[in-house]
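Computation of the quantities below employed the complete heavy-atom set of this structure, encompassing side-chain atoms and omitting hydrogens, waters and symmetry-equivalent molecules. The chains referred to below are lettered A, B, ... by the order of the sequence lines, with proteins before strands, and numbering in each begins at 1. Because the structure is predicted, anything quoted here is derived from the model rather than measured.
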Number of protein chains: 2
Amino acid sequence: MLSSHQQARRQERLDAVLAAAWEIAAESGLGAVTLHDVARRVGLRQPSLYVYVSSKLGLFDAMYARAYGELLARLAALPDSGSARLRLMRIFWVILDFVVSQPPRQQLLFQRTIPGFTPSEPSYALAEKLVEQVTALLAEVGASRPEQVDVYTALIAGLGAQQIANDPGGDRWSRLLEPVLDCILDHCRREDLP
Amino acid sequence: MLSSHQQARRQERLDAVLAAAWEIAAESGLGAVTLHDVARRVGLRQPSLYVYVSSKLGLFDAMYARAYGELLARLAALPDSGSARLRLMRIFWVILDFVVSQPPRQQLLFQRTIPGFTPSEPSYALAEKLVEQVTALLAEVGASRPEQVDVYTALIAGLGAQQIANDPGGDRWSRLLEPVLDCILDHCRREDLP
DNA sequence: GTCTATACTAAGATAGAC
DNA sequence: GTCTATCTTAGTATAGAC
């Protein structure tokens with residue numbers, strides 16, 4: 001049985017490991033993350049990492065969970081004021097900024113690009129929490145059908161993907177979020193979808 | 001100087017190499033493509049591939065060019081009949097189907113997920129040809145501003161990305177193409193964008 | 001919990017014979 | 001143009017001492 005002090009130290013170390021891993025991903029891409037490199041950055045030797053993660057895929061899973069945790073925290077920190085539409089816009093903006101400012105997040109959280117990686121159940125539960133939040137707000141603005149929800153997730157995914165792939169560092173696509181969202185909210189109603 | 005016969009044989013071989021590479025990508029993902037595996041499938045030893053490609057990145061570049069060639073050929077084969085809107089819809093449908101039916105195409109042609117890969121100039125020219133075709137048709141239906149073009153490319157990218165990531169093999173997002181496109185074409189005009 | 005040492009695997013690339 | 005042989009590099013993972 002671990003003392004709470006030991007647990008805290010362990011958690012601290014793990015946090016440092018995940019921070020280092022995300023740092024490498026931000027600098028050189030998700031594929032550039034290696035256990036050797038992560039270990040070096042936290043002042044450990046590569047085999048010592050196996051105390052904190054069970055394998056390379058285990059590391060990715062922990063990175064996944066950590067990133068979702070951070071995103072959910074940012075959403076929770078948003079003001080609760082304003083119309084549902086305004087709150088929805090804020091949420092979408094935070095999500096878009098989250099992935100555009102660090103593209104590997106988009107790769108790990110929203111795409112299927114790491115061979116062999118699937119989030120564990122507890123990690124995936126965080127993803128579902130995000131969907132629930134967005135779905136609830138969309139219902140408030142009158143987009144309650146699943147097909148409507150899918151349109152909005154595709155919109156965010158598409159703006160993010162294009163921004164990252166074709167104008168990294170710029171805002172050519174991200175700045176379209178507000179006007180396009182307004183237009184779709186105003187004009188694409190339930191009866192327009194199959 | 002090569003005889004045309006020799007050139008033809010060489011081209012045939014190269015085609016087989018690229019077909020094998022795309023086959024591996026379709027089966028196991030773009031990251032699973034290795035020179036050893038490609039060579040094995042075409043009945044060669046790995047070092048012999050260097051006669052046909054200059055390096056691993058050179059292989060990716062050739063795969064990129066070949067895939068764009070195939071996509072452009074499919075578009076060229078589309079009927080020229082019907083309204084501009086109908087022709088636009090056909091083009092978008094072909095592009096969406098092209099990537100959704102083989103996700104690694106999306107990864108190589110439209111995302112930036114291979115570390116170190118950038119298409120060579122002649123290969124990139126093929127990508128520009130595609131953009132030109134789409135842009136021309138969009139102008140015909142009244143979407144002539146660059147910002148409008150960006151909205152449509154984001155729409156296709158987003159539907160494709162979500163379809164691949166969250167409903168592989170299904171049509172939950174791809175079937176939204178027609179209704180959403182109709183809605184945006186009808187309601188999101190030039191004056192709605194920044 | 002961290003270390004050293006090492007096994008294991010696998011990839012890209014080059015040299016030189018045929 | 002294809003081969004065999006080999007270099008070089010690099011990664012994940014495990015064993016066992018401290």
| task | Tell me whether the OP1 or OP2 atom of D:dT2 has a side-chain N or O from B:R13 closer than 4.0 Å. | result |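 For B:R13, the contact criterion (side-chain N or O under 4.0 Å from OP1 or OP2 of D:dT2) is met.
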| said: To the nearest 0.5 Å, what is the distance between CG on B:L130 and CZ on B:F110? | reply: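 Reported value, rounded in 0.5 Å steps: 5.5 Å.
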Taking only N/O atoms, report every protein-nucleotides 16-18 of chain C pair under 3.5 Å with atom names and distance.
none

| message | Using a 4.0 Å cut-off on heavy atoms, which residues in residues 38-65 of chain B reach DNA chain C? List them by number, or say none. | response |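 Going residue by residue through residues 38-65 of chain B, the ones with a heavy atom under 4.0 Å of DNA chain C turn out to be B:Q46, B:P47, B:Y50, B:S55, B:K56.
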| task | Could you identify which residues of residues 27-37 of chain A place a heavy atom less than 4.0 Å from some atom of DNA chain D, listed by residue number, or say none? | result |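 Here the set is A:T34, A:L35, A:H36.
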| message | Using the rule that Ile, Leu, Val, Met, Phe, Trp and Tyr join whenever any side-chain heavy atoms are under 4.5 Å apart, tell me whether B:L181 and B:L78 fall into a single cluster. | response | yes
Minimum-distance pair of heavy atoms, taken over all atoms of [X] and [Y]:
{"X": "A:R189", "Y": "A:Q148", "value": "C-NE2, 3.7 Å"}
{"X": "B:W22", "Y": "B:L30", "value": "CZ3-CD1, 4.4 Å"}
{"X": "A:L44", "Y": "A:R13", "value": "CD2-NH2, 4.0 Å"}

| field | Residues forming a ring pair (Phe, Tyr, Trp, His ring centres under 6.0 Å) with B:H187, sequence neighbours excluded | value |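 Here the qualifying residues are A:H187.
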| task | Starting from the C-alpha separation in whole Å, work towards a yes-or-no answer on salt bridge (charged side-chain N to carboxylate O under 4.0 Å, His left out) for A:R85 and A:D186. | result | CA-CA 11 Å; A:R85 180 183 285 220; A:D186 284 337; 2.7 Å; yes
Which pairs of donor and acceptor atoms, one on a side chain in residues 131-144 of chain B, lie under 3.5 Å apart (sequence neighbours left out)?
unit_1	atom_1	unit_2	atom_2	d
B:T135	OG1	B:V131	O	2.6
B:E140	OE1	B:R87	NH2	3.4
B:S144	OG	B:R190	NH1	3.0

| message | If the condition is salt bridge (Lys or Arg N to Asp or Glu O under 4.0 Å), which residues does B:R145 pass it with, not counting sequence neighbours? | response |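 Partners of B:R145 under the salt bridge (Lys or Arg N to Asp or Glu O under 4.0 Å) test: B:E147.
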